[in-house]
Amino acid sequence: MAFDFIIEESQEIKGVHIITPSISEDLRGNIWTSFYQEEIEQLLPAGLHFKHDKFSQSRQNVLRGIHGDFKTWKYVTCVFGEIHQYVVDCRKNSPTYLKWQEFLINKDNQKIILIPPSMGNAYYVTSEYAVYHYKCAYEGEYIDAGEQFTFAWNDKRIGIAWPAPNPVLSDRDMLAAVKQRKGNAL
Ligand SMILES: Cc1cn([C@H]2C[C@H](O)[C@@H](COP(=O)(O)OP(=O)(O)O[C@H]3O[C@@H](C)C(=O)[C@@H](O)[C@H]3O)O2)c(=O)[nH]c1=O
């Protein structure tokens with residue numbers, strides 16, 4: 001096959017997988033495969049499939065997250081620019097509850113992260129612009145923003161070491177940080 005993946009389970013948070021695709025480069029640039037159904041969907045529970053894809057473009061210093069829900073598997077990467085990707089274990093019965101793991105993703109380190117349900121997902125943009133891509137797999141209806149859980153980006157119980165202290169946030173993420181300051185966090 002003209003492409004292959006190295007698939008590894010995280011040693012830090014059980015269930016998270018790190019996919020490293022092969023990248024082919026020539027004088028024009030590069031080409032790589034992000035998803036091959038037969039191989040990647042083997043990592044999901046039987047019968048579950050990726051249903052749709054999302055893209056979001058962000059400017060430098062944007063931070064999105066920490067977001068999640070209890071049924072969606074996310075397959076995330078950065079297809080343009082550079083991000084610091086974070087996964088937070090939000091499974092209350094997990095031995096690594098609230099532990100986080102960081103991944104640098106850019107064109108030279110084209111990792112793709114498979115994030116199981118009940119994990120918090122977040123990223124921070126270090127390049128001038130970045131395009132984030134994710135596939136979602138879930139049963140039934142899509143869980144939209146209003147029904148997802150949101151941990152404050154600076155939740156002290158989690159303690160992520162973000163690359164910068166004053167990120168650009170959405171109203172949703174600012175509100176989570178305000179709730180956290182007032183002691184009303186999740
Ligand atoms: C995802 C999406 C959102 N929207 C709207 C809904 C909402 O008012 C606004 C912002 O949406 P969100 O709050 O979902 O955007 P965002 O802050 O990028 O949230 C995302 O962050 C990353 C870290 C995740 O893991 C995702 O699951 C999701 O929570 O855009 C659309 O119109 N179409 C879409 O496909």
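Order of appearance sets the numbers: ligands from 1, and atoms from 1 within every ligand. For the numbers below, each heavy atom of this structure counts, side chains included, while hydrogens, waters and symmetry mates do not.
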> State whether the shortest distance between N or O atoms of Asn121 and N or O atoms of ligand 1 falls below 3.5 angstrom.
yes
> Is any heavy atom of the protein nearer than 4.0 Å to atom 14 (O) of ligand 1?
yes
> Please list the nearest protein heavy atom to atom 17 (O) of ligand 1 with its residue and the distance rounded to 0.1 Å.
His67 CE1, 3.3 Å
> Which residue and atom name correspond to the protein heavy atom nearest atom 3 (C) of ligand 1, and how close is it?
Asp144 OD1, 4.8 Å
> In terms of residue, atom name and distance, what is the protein heavy atom nearest to atom 26 (C) of ligand 1?
Tyr134 OH, 3.3 Å
> How far is atom 12 (P) of ligand 1 from the closest protein heavy atom, and which atom is that?
Arg172 NH1, 3.8 Å
> Looking at atom 11 (O) of ligand 1, what's its closest protein heavy atom, distance included?
Ala145 CB, 4.4 Å
> Geometry only, no angles: is Asp173 polar-contacting ligand 1 at N/O separations under 3.5 Å?
no
> For atom 31 (C) of ligand 1, is the nearest protein heavy atom closer than 4.0 Å?
no
> Provide, to 0.1 Å, the distance between atom 35 (O) of ligand 1 and the closest protein heavy atom, together with that atom's residue and name.
Lys54 NZ, 3.1 Å
> What atoms of ligand 1 come within less than 4.0 Å of a heavy atom belonging to Lys74?
24 (C), 25 (O), 26 (C), 27 (O)
> Give the residue, atom name and distance (to 0.1 Å) of the protein heavy atom nearest atom 29 (O) of ligand 1.
Gln148 OE1, 2.6 Å
> For atom 5 (C) of ligand 1, is there a protein heavy atom at a distance under 4.0 Å?
no
> Is there a protein heavy atom less than 4.0 Å away from atom 24 (C) of ligand 1?
yes
> Tell me the protein heavy atom at minimum distance from atom 18 (O) of ligand 1, and give that distance in Å.
Arg64 NH1, 2.8 Å
